[in-house]
Amino acid sequence: MQKHPCVLTIAGSDSGGGAGIQADLKTMAVLGGYGTSVITALTAQNGLGVTGIQAPDSEFVVQQLTTVLDGFPIAAAKTGMLFSAPIITGVADVLIKQDFPLVIDPVSVSTSGHALLQQDAVDALVERILPLATVVTPNKPEAEMLAGMKIETEGNVATAIKRILALGPKAVLLKGGHFDEADEELVDWLGLPDEAPLGLHHSRVVTKNTHGTGCTLSAAIATFLAHGFELKQSVKKAQVYLSICLRDSYTPGEGFGPPNHIAPFERK
């Protein structure tokens, strides 16, 4: 097992530092990975919301990706905000030739409600990116978008996961953070083909500082996969890491703060 495996994030930049590329690289470093990045969009963003987005040409996004792959032995990768259909198509054309584990976080809306995925990009995400995924990690609204249904019950969870698996990913992790906030326990559902969804239970952390939680979880899963852990282990270890970060979360500026990515070090 390589001491510091190279991990790749393909995502947008968060100028507020709590989500996106910034959250991914912090997570990868804390968990012993060497983080590399492909930036798909620049956001003007803070804890109050997103005030603007600018994306590079898809050709430059692909150039970033091929240059990273030419220079580093990537052991696992994740995608976050992919923004547009041309960017998704260009990235997919390169990733389809790779054989490392790939975590897909189907980012579509920010914590503050700002659209992070253009409408015409949804079809490209479903058709070109999801079939490449080792695991796709939607929250409830994202899973409802991908499955084309509302998710209100445990039976709905199983049906939605089955529908998303039919789109091509090897596994689905349906995150429980957007379900009943009165519950003291969260359940993330891990779905694999021809198996009943597995409920992965953990305690709910009550905090307003949830900016970047999805990015952090998917980056952690990718980093543990890069270390050689199998999928279920990687998900469970990522859950533990995120819970620690949320318990020690704080508000560095106005609005929603992020998980405290260095919390495991501070606890030691």
Side-chain angles (χ1 to χ4, degrees), residues 1-14 17-41 61-83 87-88 90-92 94-107 129-130 132-138 169-173 175 188 190 212-245 258-265:
M1 185 181 297
Q2 186 176 343
K3 184 177 181 182
H4 297 294
C6 295
V7 193
L8 170 63
T9 170
I10 306 169
S13 168
D14 172 9
I21 289 284
Q22 287 81 354
D24 293 343
L25 293 177
K26 292 172 189 176
T27 298
M28 292 167 183
V30 168
L31 297 179
Y34 178 80
T36 62
S37 63
V38 170
I39 298 178
T40 58
V61 174
V62 171
Q63 185 178 359
Q64 292 179 71
L65 178 55
T66 56
T67 302
V68 169
L69 294 175
D70 287 344
F72 299 92
I74 299 301
K78 65 148 287 187
T79 68
M81 176 186 180
L82 294 176
F83 188 61
I87 288 175
I88 290 171
V91 166
V94 177
L95 291 181
I96 197 171
K97 303 171 186 175
Q98 311 304 315
D99 61 0
F100 46 70
L102 179 62
V103 180
I104 303 297
D105 185 7
V107 175
I129 294 293
L130 290 195
L132 307 179
T134 302
V135 60
V136 58
T137 62
K170 295 182 177 68
V172 176
L173 180 68
K175 297 175 292 189
D188 296 334
L190 181 62
T213 52
C215 306
T216 300
L217 182 69
S218 57
I221 294 171
T223 305
F224 286 121
L225 288 170
H227 278 297
F229 294 101
E230 56 90 22
L231 178 60
K232 190 185 301 183
Q233 286 179 300
S234 296
V235 170
K236 288 182 176 180
K237 291 172 77 66
Q239 284 180 320
V240 171
Y241 169 71
L242 178 58
S243 292
I244 293 171
C245 295
N260 180 6
H261 295 94
I262 65 170
F265 286 153

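Pairing each heavy atom of Ala19 with each of Asp14, the nearest pair is N-OD2, 2.8 Å. Across Ala23 and Gly18, no two heavy atoms sit closer than the pair CB-O, 3.3 Å. The minimum heavy-atom distance between Ala133 and Ile104, with the atom names listed, is CB-CG1, 3.4 Å. Contact between Ser37 and Ile21 at its shortest, heavy atoms only, is CB-CD1, 3.8 Å. Smallest separation of non-hydrogen atoms from Tyr241 and His261: OH-O, 2.8 Å. Between Ala238 and Ala220 the shortest heavy-atom distance is CB-CB, 3.6 Å.
With Gln22 contributing its side chain and Ser13 its backbone, the two residues share no donor-acceptor pair below 3.5 Å. Side chain of Ser218 to backbone of Asp105: no donor-acceptor contact under 3.5 angstrom is found. A donor-acceptor contact shorter than 3.5 Å links the side chain of Thr134 to the backbone of Leu102. Looking only at distances, no side-chain donor or acceptor of Lys26 sits under 3.5 Å from a matching main-chain atom of Ile262.
In this structure, the ring of Phe72 has its center less than 6.0 angstrom from the ring center of Tyr34.
For the atom pair Asp99 CG and Ile74 CD1, the distance stands at 12.0 Å (nearest 0.5 Å). With rounding to the nearest 0.5 Å, the separation of CD1 in Ile221 from OG1 in Thr216 is 11.0 Å. One finds the CE atom of Met28 at 7.0 Å from the OG1 atom of Thr36 (value rounded to the nearest 0.5 Å). Atom NZ of Lys175 and atom CG of Leu190 lie 13.5 Å apart (nearest 0.5 Å). The distance from atom CG of Leu8 to atom CG of Leu95, rounded to the nearest 0.5 Å, is 7.5 Å. Atom-to-atom distance recorded for Leu225:CG and Lys237:NZ is 11.5 Å, nearest 0.5 angstrom.
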Please walk me through it: do Val136 and Leu173 pass side-chain contact (heavy atoms from CB on, under 4.5 Å)? CA-CA 6 Å; Val136 58; Leu173 180 68; over 6 Å; no
side-chain contact (heavy atoms from CB on, under 4.5 Å) between Leu132 and Ile96: does it pass, once the steps are laid out? CA-CA 7 Å; Leu132 307 179; Ile96 197 171; 3.8 Å; yes
Dump the intermediate steps for side-chain contact (heavy atoms from CB on, under 4.5 Å) on Lys236 and Asp188, then the final yes or no. CA-CA 10 Å; Lys236 288 182 176 180; Asp188 296 334; over 6 Å; no
Before you tell me yes or no, could you show the steps for Val94 and Leu69 under side-chain contact (heavy atoms from CB on, under 4.5 Å), namely the whole-Å CA-CA distance, both residues' side-chain angles and the distance that decides it to 0.1 Å? CA-CA 10 Å; Val94 177; Leu69 294 175; 3.5 Å; yes
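No side-chain donor-acceptor contact under 3.5 Å links Lys78 and Thr9.
You'll find the side chain of Val103 stays beyond 4.5 Å of the side chain of Thr79, heavy atoms only. Between Pro169 and Val135 the shortest side-chain heavy-atom distance does not fall below 4.5 Å. Leu217 places none of its side-chain heavy atoms less than 4.5 Å from the side chain of Thr137.
Partners of Phe100 under the ring pair (Phe, Tyr, Trp, His ring centres under 6.0 Å) rule, at least two apart in sequence or in another chain, do not exist in this structure.
The aromatic rings of His227 and Phe229 lie perpendicular to each other, with more than 60° between the two planes, well past the 30° mark.
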